[in-house]
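Shown next, in structure tokens, is the structure this report addresses.
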Amino acid sequence: MHKVAIEAVKGSTDIAINKMDFDSRIVGANDVFVAIRGTISDGHDYIEKAIWQGVIAVVCDTFPEIITKGITYIQVKDTNKALAYMSANYFGNPSQKLKLVGITGTNGKTTVASLLYQLFKKAGFKVGLLSTVKILVNEKEYKATHTTPDSITINHYLKEMVDAGVEYCFMEVSSHGIHQKRTEGLHFAGGVFTNLSHDHLDYHPTFAEYRDVKKSFFDNLPKRAFALSNIDDKNGQVMLQNTTARKLTYALKSYADYKAQILENQLSGLLLKINGNEVWVKLIGTFNAYNLLAIYGTAVQLGLESLEVLRLLSDLESVSGRFQFIVSNSNITAIIDYAHTPDALENVLKTINDIRTKNEQLITVVGCGGNRDKAKRPIMAYIAAELSDKVILTSDNPRNEDPETIIQEMELGIAPQNYKKSLSITDRKQAIKTACQFAHTNDIILIAGKGHETYQEIHGIRHDFDDMQTVKEILEQLNK
């Protein structure tokens, strides 16, 4: 229980344990059960069940009314924090044995983390990745379930990385993960802030809390770490206010330690000037210029030579579901992007509009997730309709909500002048098919919101659904 603030103990601490967990369904003989107060259920309600399944110790923030003889009860102030430190201790504090970099912000986390993994692999290092898309232990791949996994999962994979000889690990750090103390007990070599915009207000009561939770990640970085922040974002300086880590900045518009200028922006890529040196990259759009600048700054801070980093940047490939595109035989371009916030959607649409000739149609298919921030629904629809020639509102992952209700809430954001160019089709496959039928030679279809996801969650059940595969099949059928 090193670094765990213990308030009281009932029972013997001289016991041998098997493992620990916070899920009462999977604990067993000689395990430790950590009672976590979650957003849906409270682990303290399952203490008796865990004991019945054979646990010999319980970590809780309040002792239960019934104390079972032979069971050790340890009371702590915060069970989330206790779990984080216990997990790190149990696996031998693996984050101290490699260089762990956390990337946080509303948009760009997955791209920055994934491309850093890609870059360091190309540089010849053994690398790890903890991301929304997947978990990678060097080249061994595991499925990801959360943007920031629970403390036990994080430390389990970090231990596996250390055992595999991994030197660097890049990790997405979500506001949920920070708030629920999943990153406590981890030793970060650096932190990166991408940007902050409207998201997760279903979880955080205010935008200020959402911002301050992100900021707390930088507040807690060690002195020897670096804190790299996007200074063009109005919250970029806020993230650096109280950190004791080495403060560094990147920007396209402001004076910064790492500065870039976009010289060319085409569908084939970007020509950038980074700190005075030109580099051609395969990614496109202003948002990717920021992402690449964050990657450049991080790589240099981790000791790579700047000109070598530029060479490696030019070789990077786009991340799954992040501005991925195909061109059909009839020269229709279909773009798949994970944009699921107003800011991300606006960035993607502006990027397309900057590149296109305006002689073609831009058709956008977009939805909003259920059981999530409702305030962004009309905003997303407004942006899609304003910046597209046609927009089709459809289902994303409705989860446990009525998909038609979600679409109706989105429709409220459509400005009157855009009514004629908007359409609502609840079935996502039919919406994509309709967009393809509307499209003519040289037209562009943007399918936004789900990106890399290969499922659609409807009434709590996951169904196989892949935007890229779906649009490919439809365009091929229409070309016959």
Side-chain angles (χ1 to χ4, degrees), residues 38-40 104-110 132 146-148 172 174-180 193-216 233-236 238-239 287 337-350 364-388 391-419 422-426 428 431 446-451 453 456-460:
T39 52
I40 298 171
T104 195
T106 305
N107 303 310
K109 294 188 297 294
T110 301
T132 304
H146 295 82
T147 300
T148 305
E172 288 188 54
S174 68
S175 61
H176 293 69
I178 301 166
H179 190 255
Q180 293 170 12
F193 170 71
T194 58
N195 50 65
L196 203 67
S197 64
H198 198 289
D199 199 19
H200 297 309
L201 298 189
D202 54 310
Y203 181 85
H204 301 286
T206 65
F207 184 84
E209 188 200 272
Y210 175 48
R211 177 201 63 210
D212 291 345
V213 166
K214 294 279 190 189
K215 179 181 176 294
S216 70
D233 187 283
K234 63 183 179 183
N235 290 291
V238 174
M239 298 298 145
F287 61 96
D337 195 89
Y338 188 53
H340 61 286
T341 66
D343 190 53
L345 182 63
E346 185 174 2
N347 284 337
V348 171
L349 286 167
K350 281 185 174 178
T364 297
V365 179
V366 65
C368 286
N371 306 111
R372 297 292 186 270
D373 184 1
K374 293 185 178 186
K376 69 182 180 184
R377 292 173 184 174
I379 304 169
M380 295 274 285
Y382 173 82
I383 290 167
E386 276 291 303
L387 299 177
S388 310
V391 62
I392 302 173
L393 304 181
T394 189
S395 290
D396 189 286
N397 288 320
R399 298 182 176 90
N400 293 312
E401 281 195 71
D402 176 18
E404 293 188 7
T405 300
I406 296 171
I407 292 169
Q408 286 165 10
E409 289 176 3
M410 291 185 75
E411 289 171 344
L412 295 173
I414 302 285
Q417 68 269 22
N418 293 325
Y419 287 161
S422 67
L423 181 66
S424 297
I425 300 173
T426 306
R428 192 173 181 90
L446 170 66
I447 305 169
K450 289 178 55 58
E453 294 176 350
Q456 194 174 18
E457 190 175 335
I458 304 168
H459 300 304

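Taking 4.5 Å as the limit, every side-chain heavy atom of R372 sits out of range of all side-chain heavy atoms of D396.
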*Would R377 and E401 count as a salt bridge (charged side-chain N to carboxylate O under 4.0 Å, His left out) if you check the C-alpha gap in whole Å, the side-chain angles of each, and the deciding distance to 0.1 Å?*
CA-CA 13 Å; R377 292 173 184 174; E401 281 195 71; 2.7 Å; yes
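Distance alone, capped at 3.5 Å, places no donor-acceptor pair between the N195 side chain and the D233 backbone. Here the side chain of R399 pairs no donor or acceptor atom with the backbone of E457 at under 3.5 angstrom. For T394 (side chain) and T426 (main-chain N/O), a donor-acceptor pair under 3.5 Å exists by modelled atom type. Within the 3.5 Å criterion, the main-chain N or O of T132 finds a donor-acceptor partner in the side chain of E172.
Of all heavy-atom pairs between M380 and A339, the closest is CE-O, 4.3 Å. Contact detail for T194 and N107: the closest heavy-atom pair is OG1-O, 2.7 Å. Shortest non-hydrogen contact noted between K450 and Y338 is O-CD1, 3.4 Å. Taking every heavy atom of both residues into account, S175 and K214 meet most closely at N-NZ, 3.6 Å. Residue Y382 comes nearest to A415 through the heavy atom pair CE1-CB, 4.1 Å, listed as atom of the first residue, atom of the second, then distance. In terms of heavy atoms, L345 sits closest to A448 at CD1-CB, 3.8 Å.
With sequence neighbours excluded, the residues satisfying side-chain contact (heavy atoms from CB on, under 4.5 Å) with N347 are F287, D343. Applying the side-chain hydrogen bond (donor to acceptor under 3.5 Å, both in side chains) rule to D402 yields the partners T405; only residues at least two apart in sequence or on another chain are considered. With sequence neighbours excluded, the residues that form a side-chain hydrogen bond (donor to acceptor under 3.5 Å, both in side chains) with E411 are S424. When the side-chain hydrogen bond (donor to acceptor under 3.5 Å, both in side chains) test is applied to E346, the partners found at least two apart in sequence or on another chain are K350. Taking the side-chain hydrogen bond (donor to acceptor under 3.5 Å, both in side chains) definition, one finds that S388 meets it with T364, sequence neighbours left out. With sequence neighbours excluded, the residues forming a salt bridge (charged side-chain N to carboxylate O under 4.0 Å, His left out) with R428 are D467, listed by chain and number.
Taken from CG in L349 to CD in E386, the straight-line distance is 11.0 Å, to the nearest 0.5 Å. Here the OG-CD distance, from S395 to E404, works out to 8.0 Å after rounding to the nearest 0.5 Å. In this structure, I383 CD1 and K376 NZ are separated by 11.0 Å, a value rounded to the nearest 0.5 Å. Here L393 contributes atom CG and I425 contributes atom CD1; the two are 9.5 Å apart, rounded to the nearest 0.5 Å. In this structure, M239 CE and R211 CZ are separated by 7.5 Å, a value rounded to the nearest 0.5 Å.
Just one residue in the list V238, I178, N235, L196 forms a side chain to side chain contact (heavy atoms under 4.5 Å, CB included) with K215, and that residue is V238.
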